[in-house]
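Lettering of chains follows the sequences in order, A, B, ..., and the numbering in each one begins at 1.
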Amino acid sequence: MSLTVYNTLIRKKVPFTTIESGRVRMYVCGPTVYDHAHIGHAKLYVSMDVILRYLRYTGLDVLYVQNITDVGHLLDSGEDRIMKGARREQTDPMQVVERYMRSYMDDMDALQNIRPDIMPRAAGHVPEQIAAVEQLIKNGNAYEINGSVYFDVSSFPEYGKLSGRKIDELQEGTRLDVSTDKRRPEDFALWKRADPEHIMRWSSPWGEGFPGWHIECTVMASKYLGANFDIHGGGLENVFPHNECEIAQSEALSGKTFANFWLHAGSLTVSGVKMSKSLDNSVTIQNALIDYPAEVIRMFVLSSHYRSPIDYSKEAVNAAYRGWQRLTGPALAVQQALLSTQDSNTPKVDFSSAIKLTRDEFTAAMNDDFNAPKAIACLFDFAKNVNGLLSEYPRPDDTTLQSIDKVYNDLAGTVLGLLPSNSTTYVNHENKLIEILVELRNAARQQKDFATSDSIRDKLATAGVILEDGLSGTTWKTDLSNPSD
RNA sequence: GGCGACGUGGCCAAGUGGUAAGGCAGGGGCCUGCAAAGCCCUUAUUCGCGGGUUCGAAUCCCGCCGUCGCCUCCA
């Protein structure tokens, strides 16, 4: 079975094909770096990360580009986001950009998202953006008025093909006052004249100004991926206007189809409503990571399909936490079991059919438009089988355990990024000390000194170390967070 | 007003024509020195509502209702 994906452009699930055999060129809209990233970003970029990981897992060579928006875009109030950040922190705009770009990358690293191959910055591509705007004017797709340049939407008949909007149906000015400079309300800015107080400004043929929001993606995607590439990803709320405008500019510029496949992730709400500063319900990734391990945030995101909207709530994430523990429990138990020596008379078990079934069903799920929730359900079934196997005594042979370990590493680890980054099987001082305490406790248990053994267990629990007694010995795991909070 | 997404058990959620996966929470049992974890059993005659097509519909069609997002610089 081969991969099918839902393409927003045609609103259908279709077989995935690449322009160049074995190679995928993929672009995802990155963040505007003027504040810490929030869990809405986590939802989008974990979704895209799993798409990237799965494409690579199937053997495709993926070139992944994600931009950083670090030129000033405007808030509803007409205020520059980055200038606002700079004033808030009484610092230089580019310092704000650096600070939050690093914060964003730290968050993405913490969430186990694979770094893009190229992260171009808009401010570093102003000459290319000016050149693109000049070309659009030459082509008759844009016009200059009072130091600003606008794209003439009427010059691009396919405008609206991604979002399904028709120009004459747009209700203008619902959110922002229509600029008086524009010929038509639906025209959008390619270049904006900088007001005197505007700090982020560049020289251009039209005077001092700054690039429009959409042109950076057009320029940077085509620079690093070519005028026609395979996948463009982003958030559903960016379909219109951002992605629609990208298509108009890019295709007017090159005459070629921009991206073949448009993949959009559903948006995230907090307790049923959109996050916003005014509602004060914004949850940063940093704060979420105080409450939950990164893998739990991933588990939460992946527990619904990437195109579906999700609602962030304590209850939902706690449920994901419990589910994640159930999913990864046997993976850790297998690793710990492999540390002990195999019993000489261990009967060889044939677990290969369960392994094959899991791999086949997992792949089928992911091939169906990256259906991670269904893929995770396959892993739950697998976990049940592995738990049954591990409860037998003596423990299964090394070969069987190693092949199970491989399944977890490939599917839960490589593809979904759900395996804990800190393994309890690492040889380090802390783990060694825990194992010494476990040995002391077991000695007490053998002498039926349960007061001592329970005391050791309880005290370790207060340090976040949970002991579990099984037929093949005692295993332990860490549980530093409290999901019931 | 327009465009789009969504509406499945107490909660989350998969399922696009063949008779409702999975997880969380709850109940019962087994296992355990006691726990924890795990295992077994159990919880939707029903998929927002009303029509229609069909031998057969959560899935297709029509009409409503509701939630959310977007409507020109929010991921």
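Within 4.0 Å of A:Thr475, counting heavy atoms only, lies no atom of the nucleic acid at all. A:Ile376 comes within contact range of no nucleotide atom at all, as no heavy-atom separation falls under 4.0 Å. Counting non-hydrogen atoms under 4.0 angstrom, A:Ala189 reaches a base of the nucleic acid. Using a 4.0 Å heavy-atom distance criterion, A:His264 is classed as making no nucleic acid contact. Among the heavy atoms of the strands lying under 4.0 Å from A:Phe188 is at least one base atom, whether or not backbone atoms are also near. Residue contacts for A:Gly329: at a heavy-atom cut-off of 4.0 Å it reaches no nucleic acid atom on any strand shown. When heavy atoms are screened at a 4.0 angstrom cut-off, A:Ala377 is found touching base atoms of the nucleic acid.
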- line: Scoring nucleotides 32-39 of chain B by protein non-hydrogen atoms under 4.0 Å (B base, S sugar-phosphate only, - none) yields -BBBBSSS
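Here B:A14 sits opposite no nucleotide as a Watson-Crick or G-U wobble pair (both hydrogen-bonding atom distances under 3.5 Å). Look at B:U53: it lacks any Watson-Crick or wobble partner with both distances under 3.5 angstrom. Remark: B:U45 base-pairs with no nucleotide; criterion is Watson-Crick or G-U wobble with both hydrogen-bond distances under 3.5 Å. The nucleotide B:U19 finds no pairing partner, because no Watson-Crick or G-U wobble arrangement with both distances shorter than 3.5 Å includes it. Base pairing of B:C31: no nucleotide in any strand meets the Watson-Crick or G-U wobble criterion (both distances under 3.5 Å). Using N1 to N3 plus N6-O4 or O6-N4 for Watson-Crick, or N1-O2 and O6-N3 for G-U wobble, each under 3.5 Å, B:G9 pairs with nothing. When both pairing distances are held under 3.5 Å, B:G69 makes a Watson-Crick or G-U pair with B:C3. When Watson-Crick and G-U wobble pairs are counted only if both distances are under 3.5 Å, B:U59 pairs with no nucleotide at all.
Looking at A:Tyr159, its side chain comes within 3.5 Å of the base of B:U72 through a donor and an acceptor atom.
Using a 4.0 Å cut-off between charged nitrogen and carboxylate oxygen, A:Glu295 and A:Arg298 do not count as a salt-bridge pair. Taking a cutoff of 4.0 Å between a charged side-chain nitrogen and a carboxylate oxygen, A:Asp469 and A:Arg441 qualify as a salt bridge. A salt bridge links A:Arg115 with A:Asp109; the closest basic N to acidic carboxylate O contact falls under 4.0 Å. At a threshold of 4.0 Å, the pair A:Arg193-A:Glu208 does not count as salt-bridged, since none of the basic side-chain nitrogens sits closer than that to a carboxylate oxygen. With respect to the salt-bridge test (charged N to carboxylate O, under 4.0 angstrom), the residues A:Asp187 and A:Lys182 do not qualify. Taking a cutoff of 4.0 Å between a charged side-chain nitrogen and a carboxylate oxygen, A:Arg457 and A:Asp454 qualify as a salt bridge.
Regarding A:Leu379, its CG atom lies at a distance of 11 Å from the C1' atom of B:G22, rounded to whole Å. Spacing between atom CG of A:Asn238 and atom P of B:C68 amounts to 20 Å, rounded to whole angstrom units. In this structure, NZ of A:Lys182 is placed 12 Å from P of B:C71, rounded to the nearest angstrom. Distance CZ (A:Phe240) to P (B:A5): 16 Å, rounded to an integer number of Å. Here B:C68 presents its C1' atom at 16 Å from CZ of A:Arg307, a figure rounded to the nearest Å. A:Asp368 places its CG atom 14 Å from the C1' atom of B:U59, with the value rounded to the nearest Å. Protein atom CG of A:Leu411 is 16 Å distant from nucleotide atom C1' of B:G22, rounded to whole Å. Atom C1' of nucleotide B:G4 and atom CD of A:Glu237 are separated by 12 Å, given to the nearest angstrom.
In this structure, A:Trp191 and A:Trp206 have tilted ring planes: the angle between them lies in the 30° to 60° band.
Checked against A:Ser154 for a side chain to side chain contact (heavy atoms under 4.5 Å, CB included), the options A:Arg184, A:Arg183, A:Glu186 give a single hit: A:Arg184.
Note on residues 241-250 of chain A: pairs passing side chain to side chain donor-acceptor pair (under 3.5 Å), not counting sequence neighbours, are A:Ser163-A:Glu244, A:His214-A:His242, A:Thr218-A:Gln249, A:Thr218-A:Ser250, A:His232-A:Glu246, A:His242-A:Glu246, A:Asn243-A:Glu246, A:Asn243-A:His264.
Nucleotides B:C6 and B:G22, compared at atom P, are 24 Å apart to the nearest Å. Separation of the C1' atoms belonging to B:C40 and B:G66 is 41 Å when rounded to the nearest angstrom. When the P atom is compared between B:G63 and B:G38, the two are found 49 Å apart, to the nearest whole Å. B:G69 and B:C61 are spaced 27 Å apart, taking the C1' atom of each and rounding to whole Å. Spacing of C1' atoms, B:U42 relative to B:G4, comes out at 41 Å, to the nearest Å. B:G26 and B:U16 are spaced 33 Å apart, taking the C1' atom of each and rounding to whole Å. The same atom, P, is picked in B:U19 and in B:A58; the two are 11 Å apart, to the nearest Å. For the C1' atoms, the distance from B:G48 to B:A5 is 16 Å, rounded to whole Å.
In the model, A:Thr452 has a side-chain atom that pairs as donor or acceptor with a side-chain atom of A:Asp449 under 3.5 Å.
Judged by closest nucleotide on RNA chain B, A:Ile310 is the one of A:Pro31 and A:Ile310 placed further toward the 5' end. Between A:Gly323 and A:Lys13, the residue whose closest nucleotide on RNA chain B is further toward the 5' end is A:Lys13.
For the pair A:Asn371 and B:A13, the criterion of a side-chain N or O lying under 4.0 Å from OP1 or OP2 is not met. Listed pair A:Thr269 / B:C6 fails the phosphate criterion, with no side-chain N or O lying under 4.0 Å from OP1 or OP2.
Taking only side-chain atoms of A:Pro241, from C-beta outward, the nucleotide of B:A14, B:U72, B:A5 with the closest atom is B:U72.
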